[in-house]
Amino acid sequence: MGREDLLKPERRKSFHVPLSRRALPLDTASLAHYLIGTILVRELPEGIVSGTIVETEAYIIGDAAGHAFRGMTKRNRSLFLERGHAYVYLAYGTSFMLNVSSEVPGVGAGVLIRALEPREGIPIMRINRGIERLRDLARGPGRLAAALRIDAELDGCDLCRRGPLWLARGDRKVGEIGQSMRIGISRDADRLLRFYLRGSPYVSGLRSLNQ
DNA sequence: AGTGCGATTGACT
DNA sequence: GTCAATCGCACTA
């Protein structure tokens with residue numbers, strides 16, 4: 001390790017600590033709350049891209065709005081993996097969405113990652129997104145997937161181990177976490193299963209849902 | 001085989 | 001504020 005690395009710990013790959021699977025709450029809604037303030041790390045050939053998770057949604061067991069509601073299919077099988085695995089799917093034929101599987105093996109449920117506060121690799125994110133504005137780089141589930149170049153190839157990967165995509169412990173105090181209805185769904189829409197960092201400009205959704 | 005509909009986004013009136 | 005893009009899946013026949 002060079003002197004540069006010692007002086008700038010944030011540039012070291014080893015700076016971030018993967019989340020321990022044992023530490024992940026076993027309940028989907030609890031996991032959605034827990035993930036606020038943790039760090040999503042993407043390893044690309046050009047370098048590390050990462051962001052602090054500021055918004056999530058829980059799709060709990062038996063949820064009529066969840067993709068696992070009608071049982072396992074080719075697309076949603078990753079939702080049934082042990083908690084801490086990636087479920088990536090294409091929404092509207094245009095945007096990839098990243099979920100974290102959330103229950104015991106064989107039970108389908110997950111947490112949708114909806115927004116990040118950009119952290120490392122911001123120039124790479126700007127190229128991936130084709131825009132400049134920092135606030136919009138990863139504000140929205142499809143946008144964050146594009147910023148981190150997340151696609152179906154990452155479906156099923158273990159997010160509790162270093163690799164192409166993984167989750168790391170947050171290193172700052174997490175602010176107040178708000179709760180609201182989930183965005184963009186019709187069934188079971190009234191349940192308060194969306195979690196967000198109150199006051200963060202990097203959170204998506206209507207202003208009325210962010211108070 | 002055909003139809004309808006999304007856990008969205010970006011462009012446009 | 002409206003709306004099209006574009007694809008996988010559920011559902012019907």
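Numbered from 1 within each chain, the chains take letters A, B, ... in sequence-line order.
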Using a cut-off of under 3.5 Å, enumerate the N/O to N/O pairs linking the protein to nucleotides 9-13 of chain C.
residue, atom, partner, partner atom, Å
C:dC9, OP1, A:Arg75, N, 3.1
C:dC11, OP1, A:Arg70, NH1, 2.8

Quick check on side-chain contact (heavy atoms from CB on, under 4.5 Å): which of A:Leu154, A:Val100, A:Val41, A:Ile113 does A:Leu159 satisfy it with?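 Output: one option passes, namely A:Val100.
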Partner residues of A:Arg77 under the side-chain hydrogen bond (donor to acceptor under 3.5 Å, both in side chains) criterion, sequence neighbours left out: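 Listed in chain order: nothing, the list is empty.
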Could you go through nucleotides 10-12 of chain B and list every protein N or O atom that sits under 3.5 Å from one of its N or O atoms, giving the distance for each pair?
residue, atom, partner, partner atom, Å
B:dG10, OP1, A:Arg129, NH1, 2.7
B:dG10, OP2, A:Arg143, NE, 2.9
B:dG10, OP2, A:Arg143, NH2, 3.1

Roughly how many Å is it from CZ in A:Arg182 to P in B:dT8, rounded to a whole number? 11 Å
Decide whether A:Glu117 and A:Thr52 meet the rule of one side-chain donor and one side-chain acceptor closer than 3.5 Å. no
Please report the distance, rounded to the nearest Å, between CG in A:Asp155 and C1' in C:dC7. 15 Å
d(OH, A:Tyr89; C1', C:dT6) in whole Å: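 Rounded to whole Å, this separation is 14 Å.
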Rounding to an integer number of Å, can you tell me how far A:Ile113 CD1 sits from B:dA7 P?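 For the pair A:Ile113 CD1 and B:dA7 P, the rounded distance is 17 Å.
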Atom-to-atom span, CE of A:Met97 to P of B:dT8 - whole angstrom: 5 Å
Just the rounded figure in Å: distance from P of B:dA7 to CZ of A:Arg191.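 These atoms are roughly 15 Å apart.
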Report the distance from atom OH of A:Tyr92 to atom P of B:dT8, rounded to the nearest whole Å. 5 Å
Residues in residues 52-66 of chain A with a heavy atom under 4.0 Å of DNA chain B, by number, are A:Tyr59, A:Ala65
Taking A:Arg129 for the side chain and A:Met125 for the main chain, is one N or O donor matched with an acceptor at less than 3.5 Å?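 Answer holds: no.
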Taking any heavy-atom pair under 4.0 Å as a contact, classify A:Leu90: base, sugar-phosphate, or nothing.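 Answer is sugar-phosphate: A:Leu90 comes under 4.0 Å of backbone atoms only.
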What integer distance in Å separates A:Ile150:CD1 from B:dT8:P? 16 Å
Base-paired stems in DNA chain B, each at least three Watson-Crick or G-U pairs under 3.5 Å: B:1-6 with C:7-12, B:8-12 with C:1-5
Salt-bridged, A:Asp158 to A:Arg21, with N to O below 4.0 Å?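 Salt bridge: yes.
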Return yes if some donor-acceptor pair links the side-chain N/O of A:Ser101 with the main-chain N/O of A:Glu82 below 3.5 Å, else return no.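 Yes, the answer is positive, given that a donor and an acceptor are paired below the 3.5 Å cut-off.
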Could you tell me whether the phosphate oxygens of B:dG6, OP1 or OP2, come under 4.0 Å of any side-chain nitrogen or oxygen in A:Arg187? no
With 3.5 Å as the limit, what N/O pairs link the protein to nucleotides 1-4 of chain B?
none

With heavy-atom distances below 4.5 Å as the criterion, would you say the side chains of A:Glu46 and A:Arg149 are in contact? yes
